[in-house]
Amino acid sequence: MKCNNIHNDLISYLEGSLSREESNAVEKHLNTCDECMKFSDKLRVSLGYIDIEKEVSVTPGFADMVLAKLDNEVDNEVEEFSLINRMMPALTAAAVVLFAVFVGNTLAKQFSGGGDMVEQGYHEEFLYANEIYLEPIENFFLLTEENYEKD
Amino acid sequence: MTQFVSNQNDHDLISAIKDGDHDSFRILVEKYQERVIRICRGYLGSYEDAEDLAQEVFIEVYKSSVKFREQSEVSTWLYRIAVNRSLNYIRDNRKKFILSKRSDSYEMSAIENKASGSSADNEITAGEHRHVLHLALNSLSDNQKTAFILNKYEDLPYIEISSIMGVSISSVESLLFRAKRNLQKRLLDYYNKNML
């Protein structure tokens, strides 16, 4: 039996799931191959720690710790819920005010020529921004000067 | 009264827990605490981390008890929560696990180098064996790891593993076969590079 074949069967050999014939073949090889014997020994020790780790000794009071943690989480959730509840009147009032402002604004636009007002405002702004209208005297002199140069 | 309560079956306990009965919850925790911690330990390696995670598992059990439709065994449902929580923990702490893998590997090499100077046969300590085992386990796919841990740490039969994982029994057999082969290969590779 070759080393590679043994390596594939080692874990099954160690857990005793090989047939008697297969198991004998592995043992025969291990007795003649130091390297495979070393692998086998180390694998046995490493896998043996599964059995050691399976032995659980629960910390005394584990259930109490779980219940305390649960109570703590429930308290926090209740606190968050009550905070939201406490803030609810203020949040509701703010929402009502915002809604009223929105509705009022919309109605004002609809029933008092809101569209024209906007248009008018635009024109006013345009007029004020126009230097010709803002500075009629300078404009007058400028025109005069231009006319003078042309002449 | 206590005797009566402790004789309640799992479904009765869950019904009571749904109504907020903490005594029934305590009974459930005490009944399953070892099994849940064992499974978490199979994934995480550290006993302290496993106990902390087990607490989270039980809190999730309490909170999600209202959703439990009693179509499966309570133990199957509880195992499933423990498995999912453990896998999520590893996923959420991937960085930590990768870092610890690297540092373990580094430490192991350092130990090996030191040992090679003083001893012809590089013996590895108990803690190192345990590290190597969990490094190899963590290198398996989630499904292979889960099948292996449920079978080897919890000694569950294939049929129960198939219920927990939601796969067929033949899939469990295949997963276990591949898990053992891969685990063995990883361990032998590790010994070959670092120990022999």
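The basis for the numbers below is simple: all heavy atoms, side chains too, and nothing from hydrogens, waters or symmetry mates. Each chain gets a letter, A, B and so on, in the order the sequences are listed, and its residues count up from 1.
For NZ of B/K18, the number of neighbouring non-hydrogen atoms (other residues, nucleotides, ligands) closer than 6.0 Å is greater than 12. Annotation for A/M37: atom CE counts as buried by contact number, over 12 foreign heavy atoms lying within 6.0 Å. In the displayed structure, A/K69 atom NZ is contacted under 6.0 Å by more than 12 heavy atoms of other residues, nucleotides or ligands.
A/I11 has its side chain out of reach of B/L187: every pair of non-hydrogen atoms, C-beta onward, lies at least 4.5 Å apart. You'll find the side chain of B/K180 reaches within 4.5 Å of the side chain of A/E15, heavy atoms only. Counting heavy atoms from C-beta on, the side chains of B/R130 and A/I52 come closer than 4.5 Å.
In this structure, the side chain of B/Q184 engages the main chain of A/L10 through a donor-acceptor pair within 3.5 Å. Judged by distance alone, with hydrogens and angles left aside, the side-chain atoms of A/K54 form a donor-acceptor pair with the main-chain N or O of B/K152 at under 3.5 Å. The closest donor-acceptor contact from the side chain of B/Y191 to the backbone of A/K42 lies under 3.5 Å.
When each of B/E154, B/R181, B/E56 is scored by its heavy-atom pairs under 4.5 Å with chain A, the top score falls to B/R181.
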Verdict with reasoning, A/D51 to B/Y153, per side-chain contact (heavy atoms from CB on, under 4.5 Å): CA-CA 7 Å; A/D51 289 329; B/Y153 276 79; over 6 Å; no
Step-by-step side-chain contact (heavy atoms from CB on, under 4.5 Å) determination, B/E51 to A/V58: CA-CA 8 Å; B/E51 258 201 7; A/V58 183; 4.1 Å; yes
Worked check of side-chain contact (heavy atoms from CB on, under 4.5 Å) between A/F39 and B/N192: CA-CA 8 Å; A/F39 275 146; B/N192 201 22; 4.0 Å; yes
Stepwise side-chain contact (heavy atoms from CB on, under 4.5 Å) check, B/H22 with A/D71: CA-CA 10 Å; B/H22 280 204; A/D71 286 340; 3.1 Å; yes
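Residues A/V97 and A/M88 are members of separate hydrophobic clusters, defined by side-chain heavy-atom contacts under 4.5 angstrom among Ile, Leu, Val, Met, Phe, Trp and Tyr. At a threshold of 4.5 Å between side-chain heavy atoms, the hydrophobic network of Ile, Leu, Val, Met, Phe, Trp and Tyr places B/I159 and B/L176 in one connected group. Residue B/L175 is grouped with residue B/I169 when hydrophobic side chains (ILVMFWY) are merged at heavy-atom distances under 4.5 angstrom, including chains of intermediate members.
Rounded to the nearest 0.5 Å, atoms OH (A/Y49) and NE2 (B/H131) are 11.5 Å apart. Within the model, atoms OG1 of A/T59 and CD1 of B/I37 stand 7.0 Å from one another, a figure rounded to the nearest 0.5 Å. Here OG of A/S57 is found 5.0 Å from OH of B/Y47. Values are rounded to the nearest 0.5 Å. Distance check, rounded to the nearest 0.5 Å: CD1 of B/I59 to CG of A/L67 gives 9.0 Å.
If you measure heavy-atom distances from B/A54 to chain A, the contacts under 4.5 Å come from both the backbone and the side chain. Contact of B/K63 with chain A is made through the side chain alone, with heavy-atom distances under 4.5 Å. Heavy atoms closer than 4.5 Å to chain A are found in the side chain of B/F148, but not in its backbone. Contact of A/E55 with chain B is made through the backbone alone, with heavy-atom distances under 4.5 Å. Neither the backbone nor the side chain of B/I39 comes within less than 4.5 Å of any heavy atom of chain A.
Across every non-hydrogen atom of A/V66 and B/Q55, the tightest pair is CG2-CG, 3.8 Å. Nearest heavy atoms, A/A63 versus B/Q33: N-OE1, 4.1 Å.
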